[in-house]
S.K.: 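The structure that follows is given in the form of structure tokens.
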Amino acid sequence: MVLMQVIDNKRVLSSVITDWKEAGLKIGFVPTMGALHEGHLALVRKARTENDRVIVSIFVNPTQFNNPDDLKNYPRTLDSDLKKIEPIGADLVFAPSVGEMYPPGEDPEVPEINLGSLDQVMEASHRPGHFKGVMQVVYKLFKMVRPDSAYFGEKDFQQLAVIREMTKQINLPVAIIGCPTVRESNGLAMSSRNALLSVEQRIEAAKISRALFYVRDNWITSSPDELFQHAIAGIEKNGIMKVEYISIADAQTLEPVINRNGTNSIRVFAAVRLGSVRLIDNVEILNNNA
Ligand code: AMP
């Protein structure tokens, strides 16, 4: 059995990738910021079934954080992450330092993409610069890893849409594969930031997905406005959590749904503050494109 390689140097990475490419091997790539949980591992498992070689990157990307405390507090658990990935059969983990990814004086290489509405709503408007940083790091990683397929979670649905759009606009030869959100048994979407919550807070946080599932389950019989109000009240009941936004949106443009009968695919999205932690989630309401 070949053991999993752990590499922090992009030149070493590049020579491994070149060997794999020359051998005609299909490369699957899972970019992450570490503090891995079952949501990440589901992406790695899917990549494992669809490729000859699987690479996972672990890099807490400073350029996508708009809040310095969030960056500082972000959980970093490399050793236990490696122990979780190895049994799944990943071939290589790329875990570079910030200096390796962004050498001082190097062109920051942010791709020029017109994201249209994707860059105006929800996470884009509440986290200025966030998607610029996401595109920057994913573009850099794609150039280093040269994957055939890259795997992203629907948990970050807007991020998935942004990466699909970037890949399309600059014609990158990478298939972007979206994977369903993995949840705790109480419905809470798994997230590395959940590690920052107490046991009580995790129970409280389950109200977020409960509210989103309520919207989905009552979509036919209630008006969007009623559902919207119900969701906010459900999440903010007893005053522990604060809704930053809830949006019932077209799953393509991510703009709020105005004509519910004229929209083929709809999802409900939420961002919520619980103490100092910000949590996001989304649920499919309907998808007539599937
Ligand atoms: P992160 O480490 O948070 O940057 O996430 C790395 C990848 O894992 C992204 O594509 C996320 O969308 C995905 N991911 C995070 N949480 C989940 C989850 N609960 N279910 C499925 N995918 C997830």
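We count ligands from 1, going down the list as the structure has it; atoms in each ligand are counted the same way. Fair warning: this is a prediction, and the values are worked out from it, not measured in the lab. For reference, positions follow the sequence shown, starting with 1.
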S.K.: Which residue and non-hydrogen atom of the protein lie closest to atom 1 (P) of ligand 1, and at what distance in Å?
M.R.: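 For atom 1 (P) of ligand 1, the nearest protein heavy atom comes out as His40 NE2, 3.6 Å.
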
S.K.: With under 30° as parallel and over 60° as perpendicular, where do the rings of His230 and Tyr214 fit, or are they tilted in between?
M.R.: parallel

S.K.: Ligand 1 versus Met33, non-hydrogen atoms closer than 4.0 Å: side chain, backbone, both, neither?
M.R.: both

S.K.: Atom CD1 of Ile113 and atom CG of Leu118: how far apart are they, to the nearest 0.5 Å?
M.R.: 11.5 Å

S.K.: Between Arg260 and Ser223, does any side-chain donor sit less than 3.5 Å from a side-chain acceptor?
M.R.: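 No, Ser223 and Arg260 have no side-chain donor paired with an acceptor closer than 3.5 Å.
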
S.K.: Looking only at heavy atoms of Phe157, does any of them come nearer than 4.0 Å to an atom of ligand 1?
M.R.: no

S.K.: Please work out whether any backbone atom (N, CA, C, O) or any side-chain heavy atom from C-beta onward of Phe59 is under 4.0 Å from ligand 1, and answer side chain, backbone, both or neither.
M.R.: neither

S.K.: Against heavy atoms of Met190, which atoms of ligand 1 measure under 4.0 Å?
M.R.: 16 (N), 17 (C), 18 (C), 19 (N)

S.K.: Give yes if a backbone or side-chain nitrogen or oxygen of Ala189 is under 3.5 Å from a nitrogen or oxygen of ligand 1, and no if not.
M.R.: no

S.K.: Would Ala35 count as a contact of ligand 1 if the rule is a heavy atom under 4.0 Å away?
M.R.: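 Under 4.0 Å: no for Ala35.
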
S.K.: Looking only at distances, please establish whether an N/O atom of ligand 1 is found under 3.5 Å from an N/O atom of Asp156.
M.R.: yes

S.K.: Does ligand 1 come near enough to Leu43 that some N or O of the ligand is less than 3.5 Å from an N or O of the residue?
M.R.: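 Not met; the criterion fails.
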
S.K.: Any side-chain to backbone donor/acceptor pair from Asp250 onto Glu255? Under 3.5 Å, distance only.
M.R.: no

S.K.: Which of the atoms in ligand 1, numbered in the order shown and given with their element, are less than 4.0 Å from a heavy-atom of Phe152?
M.R.: 10 (O)

S.K.: Would you say NZ of Lys237 has more than 12 non-hydrogen atoms from neighbouring residues, nucleotides or ligands within 6.0 angstrom?
M.R.: no

S.K.: Should Glu50 and Lys26 count as an ion pair when the cut-off is N to O under 4.0 Å?
M.R.: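 The answer is no: the pair does not qualify as a salt bridge.
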
S.K.: Can you check whether Ile176's main-chain N or O pairs, donor with acceptor, with Arg164's side chain at less than 3.5 Å?
M.R.: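 Answer holds: yes.
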
S.K.: Just need the protein heavy atom nearest to atom 20 (N) of ligand 1, so name the residue and atom and give the distance.
M.R.: Val182 N, 2.8 Å

S.K.: Can Ile7 be reached from Leu78 by stepping across I, L, V, M, F, W or Y side chains whose heavy atoms are under 4.5 Å apart?
M.R.: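 As far as the 4.5 Å side-chain criterion goes, Ile7 and Leu78 are not connected within one cluster.
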
S.K.: Using a strict 4.0 Å cut-off to heavy atoms of Pro180, name the atoms of ligand 1 that fall inside it.
M.R.: 20 (N), 21 (C)

S.K.: Do you know which two heavy atoms are closest between Ala95 and Asp8, and how far apart they sit?
M.R.: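 So the two residues come closest at O-CB, 3.3 Å.
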
S.K.: Is it true that the side chains of Tyr102 and Asn61 contain a donor and an acceptor less than 3.5 Å apart?
M.R.: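 Judged by distance alone, the side chains do pair up.
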
S.K.: To which protein heavy atom is atom 16 (N) of ligand 1 closest, and what is the distance rounded to 0.1 Å?
M.R.: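 Heavy-atom neighbour on the protein nearest atom 16 (N) of ligand 1: His37 CE1, 3.2 Å.
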
S.K.: Report, in ascending order of atom number, the atoms of ligand 1 lying under 4.0 Å from any heavy atom of Tyr74.
M.R.: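 The list of qualifying atoms is 3 (O).
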
S.K.: With the threshold set at under 4.0 angstrom, would you say Glu154 reaches ligand 1 through any of its heavy atoms?
M.R.: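 Contact absent.
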
S.K.: Nearest heavy atom to atom 6 (C) of ligand 1 wins, so pick from Gly153, Ala42, Ser192, Pro31.
M.R.: Pro31

